[in-house]
Amino acid sequence: MSVISVQSVKMVTAIVLLSVFLVSGALADCPEGSALFITAPKQMEALIGSCLQIPCNFSGNNSALQTFDGTRTTFGVWIKSDKHFSDKSQNVIFNSSGMDNIYPMSLTGDLSQNNCTTLFSSLITSYTDWYFFRIENRPFRATASCDPLQITVKDSPPRPSIEISGDLKEKQSVTITCSAFTPCPHSPPELTWTLQQDPHNKIEENTDRTFTTKIQKTFTLSDEHDGFIITCSARYPVNEGKDVKTAEERTKLNVSYAPKNTSVSISPSGLVSAGSLVNLTCSSRANPPVNFTWFKTSKDGPVSVSEGDFYSFKVTSVTDIEDHYCVATNDLGNQMSPRINNAGKCRTELNLFNLI
């Protein structure tokens, strides 16, 4: 067997063993006879100095020996770092039966209705950890060992996000939305941006019962919006509103539009003599960039004489220059330049030339 084959076998074996280890660990954390389960986000982020609302519902295992009864006195418990309750009482950071809880938490949900929603206030970075929820509803007592919640407390708020719905083309209607993560709807961020300000921020509930703050604007695009920079700022109140922490996001609009301001410049710019070389340059403002086509009028109609923004030729007649014009074209349309009005200058120079 080759060295590569041996290494491949070892790698596969290691992966299998690692998978078995991880699965075994997960099963150990989630025993088959678990009597309590909660529905809540698996991971949540919070801002230091602010609060965090934990959306939470619980259900009992109907096959368990003892079952939950909402008519009985019920207490909710949060345990930090470890799921065990009786032998590691130091990990119990909140119990709704007491008034001297270690952490600033309060149960806002109705436990009799299986609602364990909790408000976590005045967070600090040391609160970053895993948390387990427990129900005391004697004789029913159980911890949701299978559903740990990971809370991460950060010093800086996440940047808001800017989303654009619709085609970025002139004359098209688009909706621009700035959204900010809202860990605590009781103390939401204030959103402002460089677009015309919506007088009201809207707080929307997500499918997982967390919240998002949004501002939104719908308008019709024009070429003037191309390159416009939208800046959205989210100001989070912290320390009971005494201070704020700000996060900012920017995006630049890339609006497509048909050619505009198409024109021709002439070099040399002075009077032109017969036989002289004339350089014509066509310019246009457009997105995406344009292709240029040069035309010369004739008795049979316009004739294409060149491609590109630059065209050079020798003057042969009085009207030779003004017979030329350019057309700028991109995917959204085309525009013709004004016809060159330089015949008077050309004719005067030609007359002078003929008198010598």
Side-chain angles (χ1 to χ4, degrees), residues 162 164-176 193-196 217-231 250-356:
I162 299 176
I164 303 175
S165 175
D167 292 333
L168 288 177
K169 296 180 180 178
E170 65 174 337
K171 301 179 182 178
Q172 295 293 315
S173 178
V174 297
T175 298
I176 300 180
W193 59 4
T194 49
L195 295 175
Q196 183 178 356
K217 184 174 179 61
T218 299
F219 58 95
T220 301
L221 293 170
S222 71
D223 60 291
E224 295 181 355
H225 291 113
D226 183 44
F228 182 78
I229 297 176
I230 299 174
T231 302
R250 294 185 178 187
T251 188
K252 186 177 182 180
L253 295 182
N254 183 23
V255 179
S256 300
Y257 58 94
K260 303 182 186 303
N261 307 122
T262 305
S263 62
V264 175
S265 60
I266 307 171
S267 178
S269 58
L271 300 178
V272 180
S273 302
S276 298
L277 188 66
V278 173
N279 300 316
L280 303 181
T281 302
C282 190
S283 62
S284 184
R285 184 170 57 85
N287 186 22
V290 300
N291 295 317
F292 294 103
T293 305
W294 291 95
F295 291 90
K296 180 179 180 180
T297 58
S298 68
K299 61 181 181 179
D300 298 322
V303 177
S304 176
V305 293
S306 184
E307 299 284 341
D309 62 335
F310 181 79
Y311 177 50
S312 180
F313 67 97
K314 286 185 178 181
V315 175
T316 59
S317 67
V318 173
T319 61
D320 206 9
I321 297 178
E322 70 177 0
D323 286 342
H324 291 81
Y325 64 92
C326 72
V327 174
T329 305
N330 67 7
D331 294 339
L332 278 73
N334 59 69
Q335 187 181 50
M336 183 180 75
S337 71
R339 278 175 163 63
I340 300 171
N341 186 18
N342 201 37
K345 294 181 180 179
C346 181
R347 185 178 297 110
T348 301
E349 181 67 17
L350 287 172
N351 289 340
L352 291 173
F353 181 82
N354 291 331
L355 291 175
I356 298 176

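The basis for the numbers below is simple: all heavy atoms, side chains too, and nothing from hydrogens, waters or symmetry mates.
To the nearest 0.5 Å, atom CG of residue Asp226 and atom CG of residue Asn287 are 4.5 Å apart. The line from CD of Gln335 to OG of Ser263 is 9.0 Å long, rounded to the nearest 0.5 Å.
The shortest distance between side-chain heavy atoms of Val255 and Phe228 does not fall below 4.5 Å.
For Lys260, the salt bridge (Lys or Arg N to Asp or Glu O under 4.0 Å) test picks out Glu170, with sequence neighbours left out. Listed by chain and residue number, nothing satisfies the salt bridge (Lys or Arg N to Asp or Glu O under 4.0 Å) test with Asp323 (two or more places apart in sequence, or in another chain). By the ring-ring contact (aromatic ring centres under 6.0 Å, His included) test, Tyr257 is found to be paired with no residue, residues two or more places apart in sequence or in another chain being considered. A search for ring-ring contact (aromatic ring centres under 6.0 Å, His included) contacts involving Phe292 returns nothing, not counting sequence neighbours. For Phe310, the ring-ring contact (aromatic ring centres under 6.0 Å, His included) criterion is met by no residue, not counting sequence neighbours.
No side-chain donor-acceptor contact under 3.5 Å links Asn330 to the backbone of Val290. In this structure, Gln172 contributes its side chain and Asp167 its backbone to no donor-acceptor pair below 3.5 Å. Ser337 contributes no side-chain N or O that, together with a main-chain N or O of Tyr325, makes up a donor-acceptor pair within less than 3.5 Å.
Listed here is the closest heavy atom pair of Ile176 and Ile230: CD1-CD1, 3.5 Å.
Pairs engaging residues 303-314 under the side chain to side chain donor-acceptor pair (under 3.5 Å) rule: Asn279-Ser312, Thr293-Glu307 [sequence neighbours left out].
A tilted orientation is assigned to the rings of His225 and Phe219, their planes being inclined by 30° to 60°.
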